[in-house]
Each structure stands twice: as C-alpha cells, then as structure tokens.
Amino acid sequence: MKSVTDKKTLLFLFWMILFIIQNRLQQWCGIFQYVDELFAVLFFPLLVIRLAQKKRTVRWTKRMSLFWGLLLLFWMWGWGGYFRYHYQVFSNALKDSYLNLKFYLGIGASFLLFYDEQTDFKQLKRRIWPVLNGITAILFVLCVVDSIFGIFSTETRGGMIAVKLFYDAYTVLVAQGVFLSALYLWFFEEKQKKIILPLGMLAFIMLSTRRAKSMGAIACILLIYVFVFYKKQKINKKLKMAIICFVGIAAVAGIYQVVSYYFLMGVESARAVLTIGAPFLAWDHFPFGTGWATYGSAFSTEPYSPVYGMYRMAGVWGMSPDFHDFISDTYWPMLMGQCGYVGFAAFVGTLFLFVRKVLTLKNHKEIFAGVMLLVLYLFVSSSSESAFVNPIAVPFAFLIGFWFAEQELIG
C-alpha cells in the first residue's frame, strides 16, 4: 500500500504543479499549451488498461447511461452541423469537438488514474499539505512585491496596479487561486483554523487582479465555508455581517459587469453580439446548428468562419478577421450556435446530471466543498469566458476526478 500511495502522491504533485505553471511554460515553449489536452486524452488508454485488467472501476447505473448518451448526442449534433454546411475545415472542427469534451474526459482520466483500493488518501493528504502551503506562500510574496513595485504588471485599475504575475491573463491567476482554495477546503476536517491564513492569502492574490470575477470567487468560498462547514453552528454576528456585505458587493459587481457587457454596450460588445445571435443561428440552421469551430470558438478564426460575415458580425470590435481577441469571451452562445437547440439541451442535461452527482458528495463535507467551489466558479466564469473548454477546465477536472475516486473508495 505504501508504494502505491507514494506513486499516487508523486503523480498528484506532478500534475498539480504542472497545471499551476503551465501558462508560464507555454510562454517559453508552445508545446506546453497542450498539457491540459494531453491529460484529458489519457482517459482512453487508462480506460483500455482498466478493461484489460477486468477491474470494475465504478458501479454502472441508468443515470450514467443517460449522461453518456446525452454527451454523445451533444457531440454528434455538432458534427451534424459540420457535415451539413461545411463552414469550417475538418481539422478545426475536430479540435473544437475535442475541446468541448475535454472537461468530462479530464474528470474520467483523473478518476481512473487515482482509483486504487491500495491508496491511503490520508497519507497522501499529509504529503500534499506542505507543498500546497509552499506554492501559496510563493505566489503571495510575488503578488505583494508586484503590487508595490509593478515587476510583472503594467495595467492599473482604480489607481492600483492590476496583478497577473507571470501569467498571460488576469483571469488565469484568479482561476489558480480558486484551484488552490478548493484544495484548502479539502483539508478543513484535519486542519480547521489552519486553512484560514492561506485562504486569506489566496483571497488577496485574487483581489489583486482587480477583476470582478475574483470577488465572485471569494464570495463562493465564503458561502461554501458557511453553509457546508458551519450550517448548524452559530456564527459571530460581526463575521456574519462582514460575509453578507462582501457577498452583496460581489453580487452587485457581477451583475453590473453582466449588464454592462450584455446590455449597455450593445453591438460594441462581442459577448452581447454572440449572445443575441446564437438563437437566430440555431433557428436558421435547425436542427443541427452551424457545426464545430464556426461560432464563438477559438478555432473559428483561422480560417475565419463565414458565419460571422453572414450575420454581419465581422465588423464588431474584437470579432473582426484582423482582431478577434474577444471572439471566445463567452460560453453558452457558442454551444447554442454551433450545436443548435437539441445539442444545447443535451449539454445542459449532462451538466444537470453532473451537478446531481456532485450533490451526492454531501456526506463528505471536505470533498463536497472543494468540488462545489470549482463547479460554481466555472458557472460564474462562463458568462465572460469559454469556461468549460479553456485551459483551466482540465485542472479543475483533475481535482474533481481525484475527489470522485476518493469518495468512491471511502464509500
């Protein structure tokens, strides 16, 4: 058992650290941008190995059959649009279709990687704790220094430096803070008040990005901390008021940002244009949609999808052939436009079943808290980025699959 636990610990630490520094590594060498995709694709060889070993990895249920059926329907519907209209080249459609599966494949890969009855999860947690603290401390120190001296950052918001450290986007640093915070929530039962300081450090890191999304992330942490761990206990009135005030401010900031991007800016906002256009695309291309890599996708730009010209979107700032940085700054319109009403409904169905699975973790509070934080943040971020298909989706899936494996083994 010890040797198995040692191997699983090394595997966990390897992937955890690699996911945290992936964005920086890919700035040095482009091949590292595929780390998350390579991890997700491990699902297939790991599944073959499991089947060859004739090990029963999980109890198969009708709900699981429905989940995989809906996911397959969603995936095939995107291909239906591709083969009917041929708006995009096959290679782009293939890559985009894979990205839309990689979140769930990443969960499956992580589950198969760590599902082993010989693994001692308590021992594994003890070994992860000092590494987790070390990573958090390093990021915190770098963030404080950068906030004062502007070593990495140049942008200012509200008269203060907006920190992103060595990452290429501010939202990447926020997502890393959520990733590490979820791990700290996993340690609540063993460490109790010892996780408050590092969570505070991570909150400071996320707020230093000056993004409304960071406030949403911290609000999710506070709500989970209260309702999962202290639901039946009385909380100090001052602390309760402080939490209510922060969550209220975060809600107002989030609502303002959504209203601003989706309503006030009108046709000047790529997010608003993509959202308004999606139902029309789905209706005009009923029943399939426009197909993979044609709308709201990172792969819809090179070559540039003709759909944007057909619907007079090519002139929108951030969506033009020459400048298309904002073309994948939202998630749900991409699904509806590319996969139509049926494909969109099928994917929403998979998410519904996935959330129901998450809710079954309630008896294991620390696991439930970690998974819920990741899931809530994905939903929050989906309003302003391609949450379930962007690079942070697989690191989140890595933790979720790992916790599913732990829960399955401990019962």
Side-chain angles (χ1 to χ4, degrees), residues 1-20 39 42 46 49-50 53 55-59 106-139 176-202 221 224-233 357-375 394-411:
M1 180 180 292
K2 185 177 180 180
S3 61
V4 172
T5 303
D6 290 343
K7 291 178 182 177
K8 299 299 182 183
T9 302
L10 289 174
L11 275 172
F12 185 93
L13 292 175
F14 170 78
W15 283 107
M16 181 183 78
I17 294 171
L18 188 57
F19 283 137
I20 289 172
F39 179 82
L42 284 176
L46 287 172
I49 292 171
R50 286 283 181 174
Q53 294 174 337
K55 291 185 176 181
R56 187 179 180 184
T57 57
V58 69
R59 295 181 298 276
I107 293 174
S110 184
F111 178 89
L112 294 172
L113 193 63
F114 292 102
Y115 184 81
D116 193 316
E117 294 178 353
Q118 299 183 60
T119 303
D120 184 343
F121 281 91
K122 290 184 178 180
Q123 180 66 17
L124 189 150
K125 288 181 77 169
R126 284 195 291 271
R127 295 175 180 177
I128 291 172
W129 176 252
V131 179
L132 178 61
N133 287 330
I135 292 171
T136 301
I138 291 171
L139 290 177
Q176 297 295 0
V178 174
F179 179 87
L180 295 170
S181 296
L183 279 168
Y184 276 112
L185 292 177
W186 180 48
F187 279 94
F188 178 83
E189 295 295 333
E190 292 84 359
K191 303 300 181 180
Q192 296 287 325
K193 294 182 179 180
K194 290 183 179 179
I195 71 170
I196 295 177
L197 177 60
L199 281 176
M201 294 164 68
L202 290 170
I221 295 170
I224 289 172
Y225 200 87
V226 170
F227 287 104
V228 175
F229 297 118
Y230 289 106
K231 187 176 181 180
K232 296 182 180 179
Q233 299 180 24
K357 167 63 178 176
V358 172
L359 293 176
T360 65
L361 303 174
K362 281 185 176 180
N363 292 332
H364 306 282
K365 289 184 177 181
E366 67 283 357
I367 296 176
F368 177 66
V371 175
M372 275 303 297
L373 174 59
L374 300 177
V375 173
V394 171
F396 282 20
F398 165 76
L399 289 183
I400 294 170
F402 170 78
W403 283 323
F404 279 177
E406 181 184 8
Q407 184 269 339
E408 189 73 19
L409 288 169
I410 64 180

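On a predicted model such as this, the values are computed, not experimentally measured, just so you know.
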[atom1]/[X] to [atom2]/[Y] distance, rounded to the nearest 0.5 angstrom?
X	Y	atom1	atom2	result
T119	F114	OG1	CZ	8.5 Å
T360	F368	OG1	CZ	9.0 Å
I224	K365	CD1	NZ	13.5 Å
L185	L373	CG	CG	6.0 Å
F39	L113	CZ	CG	6.0 Å
L197	Y184	CG	OH	8.5 Å

Shortest non-hydrogen separation from [X] to [Y] and the atoms involved:
X	Y	answer
W403	I367	CB-CG2, 3.5 Å
F179	L374	CA-CD2, 4.3 Å
L399	A182	CD1-CB, 4.5 Å
A397	G106	CB-C, 3.8 Å

With distance as the sole test, does R50 use its side chain to make a donor-acceptor pair with the main-chain N or O of L112 at under 3.5 Å?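 Pair found, side chain donor or acceptor close to backbone of L112.
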Just do the side-chain contact (heavy atoms from CB on, under 4.5 Å) check on W15 and V394 with the steps written out, would you? CA-CA 11 Å; W15 283 107; V394 171; over 6 Å; no
Flag the pair M16 / I135 as yes when at least one side-chain heavy-atom distance between them is below 4.5 Å, and no otherwise.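 Yes, side chains in contact.
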Less than 4.5 Å apart, side chain to side chain, heavy atoms only: is that true for F187 and L132?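 When only atoms from C-beta onward are counted, L132 and F187 do touch, with a gap below 4.5 Å.
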Using the benzene-type ring in the case of Trp, are the ring centres of F121 and F402 under 6.0 Å apart?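 Yes, ring centres under 6.0 Å apart.
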Report the residues that fulfil salt bridge (charged side-chain N to carboxylate O under 4.0 Å, His left out) with K125, sequence neighbours left out, ordered by chain and then residue number.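 By the salt bridge (charged side-chain N to carboxylate O under 4.0 Å, His left out) rule, K125 matches E190.
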A cation-pi test, strictly: NZ or CZ of K357 under 6.0 Å from the centre of the six-membered ring of F404 and no more than 45 degrees from its axis. Yes or no?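 Yes; both conditions hold, so K357 lies above the ring face of F404.
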